[in-house]
Amino acid sequence: MTHQTVIVGAGHGAGQVVASLKQKGYSGHITLIGDEPHLPYQRPPLSKKFLAGELPAERLLFKPPAFYEDVTVHLGQRVERIDRDAKTVTTGNGETIAWDTLVLATGSRVRKLSCDGVELDGIHYLRDIADVDAIRGDMPDGARVAIVGAGYIGLEVAAVARSLGHSVTVLEMADRVMSRVVSPDISAFFDRLHRDRGVDLRLMTGLVAFRGDGGRVTGIETNSGEIADADVVVVGIGIQPNDELAADAGLDVDDGILVDDHCRSSDPAVFAIGDCTRHPNGVYGTNLRLESVQNALEQAKTAADNIAGGDTSYSQVPWFWSDQYEFKLQIAGLSTGYDDVVLRGSPDEGSFSCVYLRDGRFIAIDCINAPKDFMQSKAVIAGTPRIAKETLADTNLSFKEIQATLD
Ligand code: FAD
C-alpha cells in the first residue's frame, strides 16, 4: 500500500512540505486540504505590495499550479475532525480521507475585537487574499483610514495607505509603536517616520466603540473621549494559533500545538508546522510560538525530511522583517529579556542597527536598512557570545570580522 501523507491547511508552510517531500524523493502520496480557495501563497506581500496594487494575485503563489499535478488537492474545504485511531480526517462536506502521516499546517487567525459597533460595514481584518480584496474595494480615493494597532501589520497598512494618498489615523494602546517586538530606539524611528509622512499616530489610545451611520462605520470612539473619523477601519491586534483541531483530537496543546525538535506532535504519526505550533528552540533553550515565514518554511523542511525517513532537528535563530515606506526592518534573534542595547550607526542617517544583550551576551539585532548587519549577524547570534559593547558599536567592523575574532 502506498504511504499516505495528508497535510491540513494549504498555506505557506504546507506548500513547503509538498516541495520538500518531492525534493527528498518521498515515494508516498500527498494530499493537501485547505479551506481557502487558493493554492499555497505567500502572505507577507498582503500588507505590502499586494495591498498597494503593485503585485498581481498570481505572483503570490508559492508554486505554479502545475507543481501540484501529482498531489491530490482539496481547496475550499475545512477539516473538521481528526480520528487518530482510524487515522482519518473528515472535511466539512463529510468526506473522510485516510492518512499514515498527518501534517497539521493550520496557521493562525486574527484576534477580533469585541465592542459596540463591530458588526458595521467598513471594518476589516487582514489575514488572507479575500481580506485585501475587501479592503481595497472599500477604500475610495482620499479615504479616511483608521488603523487599530501599531504592530507590524498596522504600520505596514498605514505606510501603504499613506503612499496611496489616503489620510491615516493609527490608534495604539501602548506608549510606543511595535512595543511587543522592538526596543524604544526602533519604535522612536518608526514613530517619527510615520508622523513625518503625515500619519496621525495616537499612542496610549484605546478603542471604546465603533461609531456608524446607516450600517457603515464613520469613526472610532477612543478612551480619551475623542472620535477618530473613518471611512474604513483596518484592525491589526495580533493573531492566535489554529490549534483547536489538534486539541480536539487529544494532541498536547498549549497556545500552539506542542511539537518536538523534529516537528512531531505528542502523537508520532502527526507532525505540525508553522504558526500553529509551539516548539523547543535550541539557541535560547525555551519553547517558542513564532509567527514568521522563516519558521513555517524551516519547520516544513524539517518535518518533510523526517517523514521521508530522515532524522533532522530544527534549531535556528529566528528572523523576521517588515517593510514600511522605503525602510526595511530586519530582525534576527529574540530580544525578549534583554538588559542592554548597543546602537550601531545613526538613526539620523536612516541606516542603523540595535544590538541586544542579555547578561553581556549578544542575543538579537534589529536592523533598519542595514542588510549586511542582518545577514552576517545571524551566525554570530547562534552562539550567543559575549562581545564588548565598543566592538558591537564599531561600524567599521563587519559582523563577519567580529565573528572571526571569536573563532
Ligand atoms: P498560513 O500561511 O496561515 O496557512 C494556514 C492555512 O491553513 C490557511 O490557509 C488556513 O485558512 C488553513 N486552515 C486552517 N485551519 C484549517 C482546517 N481546519 N482545514 C483546512 N484548512 C485550514 N511573516 C514574515 O516572516 N515576514 C513578514 O513580513 C510577514 N508579513 C505578514 C503580513 C501579513 C498580512 C500576514 C497575514 C502575515 C505575515 N507574516 C509575515 C506571517 C507569515 O505569513 C506567517 O507566519 C506564515 O504564513 C505562516 O505559515 P503557515 O503555513 O503556518 O500558516
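Every number for a ligand or one of its atoms is a count from 1 in the order of the listing.
- For D261 and S313, the side-chain atoms include at least one donor-acceptor pair closer than 3.5 Å.
- The distance from the CD atom of E349 to the CD1 atom of I368 is 13.0 Å, given to the nearest 0.5 Å.
- Within ligand 1, counting atoms from 1 as listed, the ones closer than 4.0 Å to a heavy atom of L126 are 34 (C), 36 (C).
- Neither side chain, S265 nor D267, offers a donor N or O lying under 3.5 Å from an acceptor on the other.
- Closest protein heavy atom to atom 16 (C) of ligand 1: R78 NH1, 3.6 Å.
- The protein heavy atom nearest to atom 7 (O) of ligand 1 is G9 CA, 3.2 Å.
- The A105 neighbourhood of ligand 1 comprises atoms 5 (C), 6 (C), 7 (O), with distances under 4.0 Å to a heavy atom of that residue.
- Side chains of H29 and D70: no donor on one and acceptor on the other come within 3.5 Å.
- Within ligand 1, the atoms closer than 4.0 Å to a non-hydrogen atom of S292 are 23 (N), 25 (O), 45 (O), numbered from 1 in the order shown.
- If you check which protein heavy atom lies closest to atom 25 (O) of ligand 1, you get V293 N, 3.0 Å.
- Shortest contact from atom 41 (C) of ligand 1 to any protein heavy atom: E291 O, 4.1 Å.
- Taking atom 28 (O) of ligand 1 as the reference point, the nearest protein heavy-atom neighbour is K48 NZ, 2.6 Å.
- Counting protein heavy atoms only, atom 18 (N) of ligand 1 is closest to V79 O, 3.0 Å.
- Of all the listed residues (A246, A296, P44), P44 holds the heavy atom that lies closest to atom 38 (C) of ligand 1.
- Atoms of ligand 1 lying under 4.0 Å from at least one heavy atom of G107, given by number and element, are 3 (O), 5 (C), 52 (O), 53 (O).
- Numbered from 1 in the order shown, with element, the atoms of ligand 1 that lie under 4.0 Å from a heavy atom of I33 read 20 (C), 21 (N).
- H3 and S27 are not linked by any side-chain donor-acceptor pair at a separation below 3.5 angstrom, with hydrogens and angles left out of the test.
- Side-chain atoms of W99 come within 3.5 Å of backbone N or O of T88 as a donor-acceptor pair.
- For atom 8 (C) of ligand 1, the choice among R43, R127, R109 with the nearest heavy atom turns out to be R43.
- Remark: among candidates V110, I153, L46, the nearest residue to atom 35 (C) of ligand 1 is I153, based on non-hydrogen atoms.
- The option from T106, D131, D323, I129 that lies nearest to atom 14 (C) of ligand 1, judged by heavy atoms, is T106.
- Of the N and O atoms on the side chains of S108 and D275, at least one donor lies less than 3.5 Å from an acceptor on the other residue.
- Taking the six-membered ring for Trp, F362 and Y356 have ring centres at least 6.0 Å apart.
- The closest approach between a heavy atom of S322 and any atom of ligand 1 is not below 4.0 Å.
- Below 3.5 Å of separation, one finds an N or O of W321 facing an N or O of ligand 1.
- Salt-bridge formation is not detected for the pair K87/D85: no Lys NZ or Arg NE/NH1/NH2 atom is positioned less than 4.0 Å from an Asp or Glu carboxylate oxygen.
- With ligand atoms numbered from 1 in the order given, ligand 1 contributes 2 (O), 4 (O), 6 (C), 51 (O) to contacts under 4.0 Å with heavy atoms of G11.
- Using modelled atom types, one finds no donor on one side chain facing an acceptor on the other under 3.5 Å when comparing N287 with R278.
- Listed by number with element, the atoms of ligand 1 under 4.0 angstrom from any heavy atom of G34 are 20 (C), 21 (N).
- When side chains are defined from C-beta on, V181 does not count as touching F320, because their heavy atoms never get closer than 4.5 Å.
- In this structure, a donor-acceptor pair under 3.5 Å is absent between the side chains of E156 and Q324.
- Relative orientation of the H279 and Y314 rings is tilted, given thresholds of 30° and 60° on the angle between their planes.
- For Q77, the heavy-atom gap to ligand 1 drops under 4.0 angstrom.
- For the 3.5 Å distance criterion, the side chains of E226 and T222 fail to qualify, holding no donor opposite an acceptor.
- Side-chain contact check for E36 and Y41: at least one donor-acceptor pair (N or O, by modelled atom type) lies under 3.5 Å.
- Among protein heavy atoms, the minimum distance from atom 9 (O) of ligand 1 is reached at E36 OE2, 2.6 Å.
- Looking only at heavy atoms of the protein, atom 10 (C) of ligand 1 is closest to D35 OD1, 3.4 Å.
- Using a 4.0 Å cut-off to heavy atoms of G274, the atoms of ligand 1 that qualify are 52 (O).
- Comparing heavy-atom distances from atom 32 (C) of ligand 1 across G13, P37, S47 singles out S47 as nearest.
- In L290, neither the side chain nor the backbone holds a heavy atom less than 4.0 Å from any atom of ligand 1.
- With Y152, Y41, F320 as candidates, the residue nearest to atom 24 (C) of ligand 1 on a non-hydrogen basis is F320.
- Among D138, D121, D231, the one residue that satisfies the salt bridge (charged side-chain N to carboxylate O under 4.0 Å, His left out) test with R216 is D138.
- In this comparison of D275, I82, L297, the heavy atom closest to atom 45 (O) of ligand 1 sits on D275.
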